[in-house]
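Below you'll find the structure, written out as structure tokens, and then a few comments.
The model shown is predicted, which means the values in this text are computed figures rather than measured ones. For this chain, numbers begin at 1 and follow the sequence in order.
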Amino acid sequence: MTQIMTQTIIKNLTVDSCLTLIGVSWSQFQSLETAFESIRGVRFTYLDGTLEIMTVSPEHEDTKSTISVLLQAYLREKDIRFYVRGSPTLGSENLKAKKEPDESYNLQTKKVIPDLVIEVVFTSGGINKLEIYQRVGVPEVWFWEDGVLSIYYLREEYEQVERSELLPELDIELLVRYINYFDQYDAVTEFLKALRN
């Protein structure tokens, strides 16, 4: 059944597309995840029996990289110790949730759970990503969608905030300007100049 399902899913996926399956058991999810291990650019999100299978485009990856290099430039400029965590799989069968963030960081020390997760949204499914990150216990989540950066900080539940709670001195408007910049290399160069003025 998994082979037939895998072939059907592959036929229905295009670049930056999302396929949502309802009523998927944890073992079915794991089987599908294993079947797709060798296929690049496919991401899985699982929450309470709902599975999203999403493909990512080169534009998605470029945007993610731009945010990442700008954030790292800021952290180095401000002498804030950080550890790039990449896209570790977060969640478990017990939490009935699992997701790979687009990018993640620990600040000051290495930890099992990232302090900050970044999600770049080109195509969105129906799963509430914040619910997954809340179950995992990620303190801060950034969503980049349509040229806008939305920041959520976990208290009892996630609250949208104007500034990063983890990086309160970071000028979000300035960061957004350079995420939207025409060239990644120039964006970092100009961002650093702006930080030093």
Side-chain angles (χ1 to χ4, degrees), residues 2 5 9 13 16-37 39 41-56 60-61 63-64 67-68 71 75 80 82-146 148-168 170 172:
T2 303
M5 189 180 260
I9 290 167
L13 286 176
D16 272 335
S17 69
C18 179
L19 180 64
T20 302
L21 305 173
I22 309 291
V24 179
S25 70
W26 185 264
S27 62
Q28 288 172 322
F29 161 54
Q30 287 186 309
S31 295
L32 281 170
E33 204 174 31
T34 301
F36 276 83
E37 277 180 343
I39 301 172
V42 178
R43 300 274 174 89
F44 289 84
T45 303
Y46 183 88
L47 180 65
D48 297 333
T50 300
L51 174 63
E52 281 180 5
I53 305 170
M54 191 171 297
T55 58
V56 293
H60 175 280
E61 296 300 280
T63 303
K64 176 195 80 165
I67 296 169
S68 187
L71 179 58
L75 294 169
I80 299 170
F82 68 95
Y83 298 89
V84 181
R85 296 291 309 280
S87 301
T89 300
L90 302 174
S92 66
E93 184 176 5
N94 288 341
L95 294 174
K96 297 181 183 175
K98 195 171 180 185
K99 170 100 178 75
E100 290 178 20
D102 287 322
E103 191 64 89
S104 64
Y105 293 86
N106 282 140
L107 302 179
Q108 305 304 337
T109 61
K110 285 186 180 179
K111 305 171 190 84
V112 174
I113 303 300
D115 293 309
L116 171 63
V117 156
I118 298 170
E119 287 289 332
V120 175
V121 181
F122 274 72
T123 303
S124 183
I127 290 181
N128 181 348
K129 312 301 188 283
L130 286 175
E131 176 63 29
I132 297 171
Y133 292 131
Q134 183 172 323
R135 290 183 192 186
V136 172
V138 175
E140 190 164 293
V141 180
W142 294 3
F143 284 97
W144 177 262
E145 185 172 11
D146 296 329
V148 176
L149 183 64
S150 302
I151 301 172
Y152 294 86
Y153 190 75
L154 182 61
R155 292 187 170 85
E156 287 184 25
E157 56 187 40
Y158 282 106
E159 294 177 18
Q160 188 168 1
V161 293
E162 294 296 316
R163 302 185 77 75
S164 169
E165 297 278 330
L166 298 176
L167 303 168
L170 175 60
I172 299 302

Of E119, E52, E100, E145, the residue whose pairing with K129 passes salt bridge (charged side-chain N to carboxylate O under 4.0 Å, His left out): E52

side-chain hydrogen bond (donor to acceptor under 3.5 Å, both in side chains) evaluation trace for S68 with Y105: CA-CA 10 Å; S68 187; Y105 293 86; 2.5 Å; yes

Rounded distance (nearest 0.5 Å) linking atom CD1 of I67 with atom CG of L149: 6.5 Å

Residue pair E93, K98: steps toward the salt bridge (Lys or Arg N to Asp or Glu O under 4.0 Å) verdict: CA-CA 8 Å; E93 184 176 5; K98 195 171 180 185; over 6 Å; no

Side chain proximity check, L116 to P114, heavy atoms < 4.5 angstrom: no

Spatial distance of atom CD1 (I118) from atom OG (S87) [nearest 0.5 Å]: 10.0 Å

Taking every non-hydrogen atom, the tightest pair across V117 and S104: CG2-CB, 4.0 Å

Heavy-atom pair with the smallest gap, counting every atom of V84 and E103: CG1-OE2, 3.5 Å

Stepwise ring-ring contact (aromatic ring centres under 6.0 Å, His included) test for Y46 and W26: CA-CA 9 Å; Y46 183 88; W26 185 264; 5.2 Å; yes

Check ion pair R155-E165 (N to O, under 4.0 angstrom): yes

Heavy-atom side-chain contact between Y152 and L130 under 4.5 Å: yes

Between CG on residue L107 and CG on residue D115, distance to nearest 0.5 Å: 5.0 Å

Derivation and outcome, side chain to side chain contact (heavy atoms under 4.5 Å, CB included), residues L32 and L51: CA-CA 10 Å; L32 281 170; L51 174 63; 3.7 Å; yes

R43 versus P101, closest heavy-atom pair with distance: NH1-O, 4.2 Å

CD1 on I113 to CG on L90, rounded to 0.5 Å: 6.0 Å

Considering all heavy atoms, the nearest Y153-L166 contact: CE1-CD2, 4.2 Å

Minimum side-chain heavy-atom gap L71-W142 below 4.5 Å: yes

Heavy-atom side-chain proximity of K96 to D48 below 4.5 angstrom: yes

Minimum heavy-atom distance between K111 and R85, given as atom pair plus value: O-NH1, 2.7 Å

Donor-acceptor contact present, side-chain R135 to main-chain A97, <3.5 Å: no

Backbone of N128 reached by a side-chain donor or acceptor of E131 within 3.5 Å: no

Validation row: W144, T63 side chains within 4.5 angstrom (heavy atoms): yes

Trace of the side chain to side chain contact (heavy atoms under 4.5 Å, CB included) decision for E61 with V56: CA-CA 7 Å; E61 296 300 280; V56 293; 3.9 Å; yes

Close side-chain approach of L21 to T50, heavy-atom, < 4.5 Å: no

R163 side chain reached by P168 side chain, heavy atoms, under 4.5 Å: no

Aromatic centroids of F36 and F44 separated by under 6.0 Å: yes

Pairwise distance OG1(T45) to CG(L47) - rounded to 0.5 angstrom: 9.5 Å

Expected output: side-chain D102 to main-chain V120 donor-acceptor under 3.5 Å: yes

Flag side-chain contact, heavy atom, 4.5 Å: I151 against E140: yes

